[in-house]
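Notes for the one structure printed next.
Residue numbers begin at 1 in each chain, while the letters A, B, ... track the order of the sequences.
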Amino acid sequence: MIPDKYIELIHREIDGLNSPKQSAKLKTFLAANVEAQKLYDELTTMSAMMKEAKVVEPPSHLQHVIMNALPPHRYPAKKAGILAQAMDFVESKINFKYAYAFSGGLALGVAMYALVFQAALKAPDDSSELSGAMMRREPVEKLKTAHSFEINRDGVTGKIDLKIATDIVAAELALESTQPVELTIIFDEQHLSFKSLTVLDESTSVEAILIPGAAQLTHVGRKSYALVLAKKDETASQLEFKIVRAGELLFERAVQAAW
Amino acid sequence: MTAPDDLLLIRQCLEGNREAFGDLIARHQKAVFNVALRMVKDYYDAQDLTQTVFIKAYERLDTFDDRHKFFSWIYRMAVNESLNFIKVSRRFESLDESAEYPANEPTVVEAYEQSEMSRNIQNALMDLAIDHRAVIVLKHFEELSYEEIGYILDIPEKTVKSRLFTARHLLKDIMIKKGYAKHDPRQIH
């Protein structure tokens with residue numbers, strides 16, 4: 001049986017809270033008490049094991065994911081000094097119900113005008129009944145396939161087509177994999193900007209992680225994706241495709257986004 | 001008291017600078033993630049919990065009392081979220097007891113799994129009651145003081161001490177029973 005006060009001293013010693021005098025007192029007691037020495041050894045061993053246990057790194061994209069999930073307007077930016085006071089004064093004096101009434105009236109007027117003069121808005125050679133700003137007269141420029149390559153590695157099969165038009169670069173990926181794989185598409189942010197990433201053959205949206213210069217998603221099963229990037233300039237930049245499964249790089253290919 | 005730079009970041013965030021919150025995440029995500037991981041064991045659940053904790057912290061940032069440290073405040077949320085998660089998931093434990101890690105584990109998880117000692121400690125921790133587990137995690141892995149643990153768990157310091165002492169004894173017994181630790185202090189598995 002170990003007296004309570006020595007049990008407490010053992011715990012305090014492990015936590016580094018004992019004074020030199022208390023430590024010496026404990027040491028003397030432990031030398032004379034086998035049971036207490038055994039308890040002390042076991043607890044210090046365990047404590048050392050926990051100290052040596054590895055600290056696990058969180059995933060590198062976690063901060064980005066959290067930032068994207070934050071509510072957008074929780075803390076609005078404050079207006080600067082004098083200007084802010086002036087704006088507050090103006091805002092306090094204006095009665096906005098007149099502004100709303102005016103805006104409402106204007107919108108109604110535009111709608112009425114559009115209904116009454118609908119015929120006049122029609123395009124002269126348009127037989128489709130479509131009219132107004134939505135009509136597109138120029139033919140949409142077709143995407144041309146610049147690169148096409150197949151994947152067949154350790155249970156992951158598929159095809160990647162890189163298509164290019166004047167303003168956009170599109171990557172169409174058809175993949176099949178029985179086990180989940182991480183697909184990463186890296187692009188040069190200086191010359192390309194992300195526009196969209198969609199699953200082509202499903203109604204569900206794709207859960208992609210967007211980090212500067214890359215789009216990443218977890219793929220499993222049989223799916224096709226379309227990644228669309230907008231060209232910022234005429235420079236032909238590089239796109240890189242990577243497929244990783246459980247830390248193992250299965251596929252890697254870098255191509256120029258040019259014909 | 002909160003470290004001046006944490007306080008500054010909080011102030012900037014409340015004034016509408018979202019990026020300042022990004023800095024707070026960068027500074028504390030590793031600790032929050034590891035607390036969650038020690039509590040729930042699953043890498044992906046820990047990831048989700050970390051995300052939840054930071055989103056809640058952001059939403060409640062204007063209620064933060066700067067008499068406390070920011071990390072204590074956020075640890076408190078991490079522990080509470082983990083405890084709630086464990087309570088809820090316990091209902092489903094019997095349905096799928098083997099689901100610790102999915103089939104494709106990231107490299108970090110593999111590394112974590114490969115460390116036998118880490119795995120042994122984690123397995124032993126999971127056999128502790130959640131109140132005992134929390135106090136061990138905060139004391140031995142996060143190296144917090146009794147006072148900080150008391151604030152995080154919302155219990156008096158005296159209770160922290162007695163709970164910690166009991167938890168240590170229980171954990172030691174579990175580890176010996178499982179063959180993870182022997183009586184000789186040099187024999188660390």
Side-chain angles (χ1 to χ4, degrees), chain A residues 4 7-8 10-12 14-17 34 37-80 177-182 218-220 244-249, chain B residues 13-19 21-22 25-26 29-30 32-34 37 43 46-47 50-51 54-55 58-59 61-62 102-112 115 117-118 120-122 136 139-141 143 146 161 164-165 168-169 171-172 175-176 180-189:
Chain A
D4 284 349
I7 288 179
E8 177 154 7
I10 288 172
H11 284 282
R12 285 177 58 86
I14 289 165
D15 292 334
L17 298 174
V34 181
Q37 181 69 57
K38 184 178 152 226
L39 175 69
Y40 177 77
D41 289 346
E42 286 167 352
L43 290 178
T44 47
T45 302
M46 193 179 70
S47 181
M49 284 173 79
M50 286 191 277
K51 209 166 191 166
E52 283 180 36
K54 282 173 97 177
V55 174
V56 182
E57 286 293 331
S60 56
H61 60 263
L62 185 58
Q63 182 181 347
H64 191 75
V65 172
I66 297 169
M67 287 302 284
N68 281 343
L70 295 179
H73 305 296
R74 181 70 180 88
Y75 305 109
K78 281 188 179 171
K79 297 168 203 162
S177 168
T178 47
Q179 289 189 341
V181 290
E182 293 290 331
T218 303
H219 165 87
V220 67
V244 175
R245 185 176 57 211
E248 186 197 353
L249 182 67
Chain B
C13 187
L14 293 175
E15 286 169 0
N17 178 2
R18 272 165 72 94
E19 295 311 309
F21 195 74
I25 297 172
Q29 63 170 349
K30 196 170 171 180
V32 170
F33 176 77
N34 274 274
L37 185 62
Y43 185 88
Q47 200 174 314
T50 307
Q51 187 176 339
F54 278 105
I55 292 169
Y58 182 74
E59 284 169 345
L61 202 60
D62 51 354
N104 90 319
E105 295 153 12
T107 332
V108 218
V109 178
E110 283 186 331
Y112 176 64
S115 162
M117 195 179 69
S118 290
N120 289 345
I121 292 169
Q122 189 61 51
I136 289 281
K139 184 70 213 169
H140 285 278
F141 295 96
E143 297 179 341
Y146 295 160
K161 254 169 66 175
L164 177 65
F165 295 178
R168 274 181 184 148
H169 283 271
L171 186 63
K172 168 194 70 96
M175 292 181 82
I176 290 170
Y180 299 153
K182 302 224 169 120
H183 298 179
D184 186 340
R186 287 158 299 181
Q187 281 187 305
I188 295 174
H189 285 227

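At a 4.5 Å heavy-atom cutoff, the contact between A:Ile7 and chain B is made by side-chain atoms alone. Both the backbone and the side chain of B:Leu61 come within less than 4.5 Å of a heavy atom of chain A. For chain A, the nearby part of B:Glu143 is the side chain; its heavy atoms alone come within less than 4.5 Å.
A heavy-atom distance below 4.5 Å is not found between the side chains of A:Leu70 and B:Phe54. Between B:Gln47 and A:Pro58 the shortest side-chain heavy-atom distance does not fall below 4.5 Å. Contact annotation: the side chain of B:Lys30 never approaches that of A:Val56 to less than 4.5 Å [non-hydrogen atoms, C-beta and beyond]. A heavy-atom distance below 4.5 Å is not found between the side chains of B:Lys139 and A:Met50.
Note on A:Glu8, A:Lys51, A:Arg12: by heavy-atom pairs under 4.5 Å with chain B, the leading option is A:Glu8.
Every residue two or more places apart in sequence or in another chain that forms a ring pair (Phe, Tyr, Trp, His ring centres under 6.0 Å) with B:Tyr58 is listed here: A:Tyr75, B:Phe21. Listed by chain and residue number, A:His11 satisfy the ring pair (Phe, Tyr, Trp, His ring centres under 6.0 Å) test with B:Phe165 (two or more places apart in sequence, or in another chain).
Checked for salt-bridge contact, B:Arg168 and A:Asp15 meet the test: a charged N lies under 4.0 Å from a carboxylate O.
Atom CD of A:Glu42 is separated from atom CG of B:Leu171 by 11.5 Å, given to the nearest 0.5 angstrom. Annotation: the span from B:Ile121 atom CD1 to A:Glu52 atom CD amounts to 8.5 Å, rounded to 0.5 Å. Distance check, rounded to the nearest 0.5 Å: NE2 of A:His64 to CD1 of B:Ile25 gives 11.0 Å. In this structure, A:Thr45 OG1 and B:Met175 CE are separated by 9.0 Å, a value rounded to the nearest 0.5 Å.
Annotation for A:Ala69 and B:Gln51: closest pair CB-NE2, 3.6 Å, computed over non-hydrogen atoms. Heavy-atom minimum distance, B:Lys172 versus A:Met46: N-SD, 3.4 Å. Contact between A:Pro71 and B:Arg18 at its shortest, heavy atoms only, is O-NH1, 3.0 Å.
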